[in-house]
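What follows is a single structure, written as C-alpha cells, with notes after it.
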Amino acid sequence: MSTFQAPKGTYDLLPPDSATYLAVREAIAAPLRNSGYGYIETPGFENVELFARGVGESTDIVTKEMYAFETKGGDRLALRPEGTASVLRAALEANLHKGGNLPVKLWYSGSYYRYERPQKGRYRHFSQVGAEAIGTEDPVLDAELIILADQAYRSLGLRDFRILLNSLGDKECRPVYRDALQDFLRGLDLDEDTRRRIEINPLRVLDDKRAEVQKQLVGAPLLRDHLCDGCKAYHEEVRALLTAAGVAFEDDEKLVRGLDYYTRTTFEFVHDGLGAQSAVGGGGRYDGLSEMIGGPALPSVGWALGVDRTVLALEAEGIALDVPAATDVFAVALGDDAKRRLFELVTELRKAGVATDMAYGGKSMKAGMKAANRSGARYALIAGERDLAEGAVQLKDLESGEQEALALDAVTSTLRARLA
Ligand code: AMP
C-alpha cells in the first residue's frame, strides 16, 4: 500500500477516463474560440484581497471557503476560488480595456480551490472553463454567452439540463429591494446563522435549500417587482434574444448567486441527473466588480462551467464521448536489432502524425501482441530479424486479423493513407 493518498476532497484524473475530461474542456472552449474570445491564463494564486473585498456581501462565501496563507516573504495569498476576479485583475493590469476595442472577450480553463465539505460533485479542487466579456453593457453579450454555453453542452450530447434566468437589478433598484427583503426576513422564525445572513447577504437566504426555510419564504418580496425601468428593459431584451435563438430558459425569481458582485442578468445551468450538486455552470453580469478592485467602471458579463460536474452529467445521461483512440499503430519487435530498426520507424510515424506506441523491455511476441491489443490500436507492426533482412515488416489489421508484408519505405505513407 502506498503511504500517500490524494488530499481529502480531491481526486486524480487517470487514463482512460481523463480523456473524457480533456474532451469536455475542448467542447466548452470550442464555441468560445469560434466567437472572438481570446485565451487567458492567470496564476493559480492571487493576493487574498482580490477575493476578500472588505466586509458585507462579498465575504459570505468566498472567505469561508478560501485557501489563504502567508508566504515566507510575508505576502497574504489565496489559491483562486474562482476565475472572474483574476481575469478582470489581469485585464486591468495589462490595460486591455484601454485598447479602444471593447468588449475585451477572454476565455480560460483551469483549476480552482474551495475549502468545502466534500461530496459527490463538490470537491476542494475542481476544474472550470470560463468566459468573460469585459467593458460593454449590451444585452447581446449576455445572450451570446448563454447561447455559447448551451451550444457547448449540446455539442457534448447533453439534453437533461435547464437554464435558469433572473435579473438581480443594479445599484439603483437592488438596495431598495434589499431593504424590503430584510424587513420581511427579520419577521421570520430563523436560526441564528440565517439571521446573521439577513444582515450580510439577504438575497442568499432566498437560496436556502431547507424545506422549513422555504416554507416561510412564500410571499417574500420578489426582485422582479422592484426592478427599475432600465433593468426591466435590459432583461426583456436578453429574454427576447434567447427566445429568438431558440434557447429555452426558465425564469427563476429566486435565483441568486453566491458571489456578491453580480448585477442584472444572472443565470445557472442545472442538470437534473446530478442530485444535490445540480449546478453544472453559472454566471451573469458583474457591472460593479471592476470598481470594487480599483478599476474604472467596466460593465461586464461572464460564466464558468464546471468540468467535473459536466463529466458527471454525461455519466448520468449515459453518454460516452467518442474520444479518438490514443494509439493507432502499435509496434512489436522480436530481438534487439529488430527493435532498434522498428524504433526508428516508430519515430518516423510519430513525426508524420500517426499515433504510435510500441512494446518495451524485451517482451516476448505473445506479450507484445497482448499489449498491442490492449492499446486499442487499429494496426500492429511486427518485425523480426528475417523481415528486416528482407527490408519488410508485417502489418497486422487488429480488427480483421489480416496480415501482410510491407516494404519498410512504404510503411509511413501506407499507414497515413489507411488511417486518414
Ligand atoms: P460558481 O463559481 O460557484 O458559480 O461555480 C461555477 C461552476 O463551477 C458550478 O456550476 C460547478 O459546476 C463548478 N463548481 C463550483 N464549485 C465546485 C466544487 N466545489 N466542486 C466541483 N465543481 C464546482
Side-chain angles (χ1 to χ4, degrees), residues 6-13 20-21 24-25 27-29 42 46 50-52 57-67 78-88 107-132 145-146 148-150 152-153 156 158 160-166 168 201 203-204 207 209 252 255-263 265-286 289 300-316:
K8 188 177 171 192
T10 72
Y11 63 103
D12 302 305
L13 287 178
T20 303
Y21 279 76
V24 165
R25 286 203 186 111
I28 299 175
T42 63
E46 296 274 357
L50 179 68
F51 305 114
E57 299 189 6
S58 70
T59 46
D60 191 28
I61 298 242
V62 173
T63 9
K64 243 188 353 213
E65 295 174 354
M66 206 145 52
Y67 282 91
L79 299 185
R80 58 185 181 187
E82 52 114 6
T84 303
S86 305
V87 168
L88 188 56
W107 76 274
Y108 59 87
S109 172
S111 294
Y112 296 85
Y113 308 86
R114 294 183 194 173
Y115 192 75
E116 308 206 66
R117 201 149 32 83
Q119 55 176 275
K120 189 172 165 108
R122 190 159 82 188
Y123 311 106
R124 291 180 172 178
H125 166 267
F126 58 97
S127 281
Q128 289 182 339
V129 176
E132 315 290 350
L145 278 164
I146 295 172
L148 292 176
D150 180 77
Y153 286 137
L156 287 166
L158 290 171
D160 300 341
F161 66 89
R162 291 176 291 131
I163 302 173
L164 309 180
L165 187 68
N166 194 16
L168 294 179
N201 194 346
L203 270 70
R204 286 282 295 167
D207 211 17
K209 301 280 185 286
D252 182 351
L255 179 70
V256 296
R257 305 204 18 95
L259 303 169
D260 69 307
Y261 47 67
Y262 286 100
T263 50
T265 312
T266 188
F267 51 87
E268 200 155 83
F269 290 80
V270 294
H271 192 277
D272 290 324
L274 292 188
Q277 302 305 316
S278 62
V280 285
R285 186 155 271 289
Y286 50 95
L289 181 60
S300 306
V301 56
W303 52 240
L305 309 189
V307 177
D308 311 74
R309 283 189 204 163
T310 303
V311 170
L312 292 174
L314 287 170
E315 280 166 21

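Not measured: the values here are computed from a predicted model. As the structure lists them, so they are numbered: ligands from 1, and atoms in each ligand from 1.
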inquiry  = Has Trp107 got a side-chain atom pairing as donor or acceptor with Ala29's backbone, closer than 3.5 angstrom?
reply    = no

task = Check the side chains of His125 and Ser111 for a donor-acceptor pair under 3.5 angstrom, ignoring hydrogens and angles.
result = yes

Checking heavy-atom distances from atom 17 (C) of ligand 1 to each of Phe126, Tyr115, Trp303, the winner is Phe126

Ligand 1 atoms nearer than 4.0 angstrom to some heavy atom of Tyr123 are 18 (C), 19 (N), 20 (N), 21 (C)

Of Arg124, Gln128, Arg309, the one whose closest heavy atom lies nearest atom 5 (O) of ligand 1 is Gln128

Residues at least two apart in sequence or cross-chain that pass salt bridge (charged side-chain N to carboxylate O under 4.0 Å, His left out) with Asp272, listed by chain then number, are Arg162

Any heavy atom of Arg122 under 4.0 Å from ligand 1? The part involved is both

Worksheet item: Less than 3.5 Å between some nitrogen or oxygen of Asp308 and one of ligand 1, yes or no?
Response: no

Measuring from non-hydrogen atoms of Val280 to any atom of ligand 1, is the shortest distance under 4.0 Å? yes

Numbered in order shown, the ligand 1 atoms found under 4.0 Å of a heavy atom of Ala279 are 9 (C), 10 (O), 11 (C), 12 (O)

Checklist entry - According to the interplanar angle, ranging from 0 to 90°, do the rings of Tyr262 and Tyr286 count as parallel (below 30°), tilted (30 to 60°) or perpendicular (above 60°)? => result perpendicular

Distance-only, no hydrogens or angles: does the Arg124 side chain make a donor-acceptor pair with backbone N or O of Glu116 under 3.5 Å? yes

Paired with Tyr153, the side chain to side chain contact (heavy atoms under 4.5 Å, CB included) test is passed by just one of Thr310, Leu314, Ile163, namely Thr310

Nearest heavy atom to atom 21 (C) of ligand 1, choosing from Ala304, Gly306, Gly121, belongs to Gly121

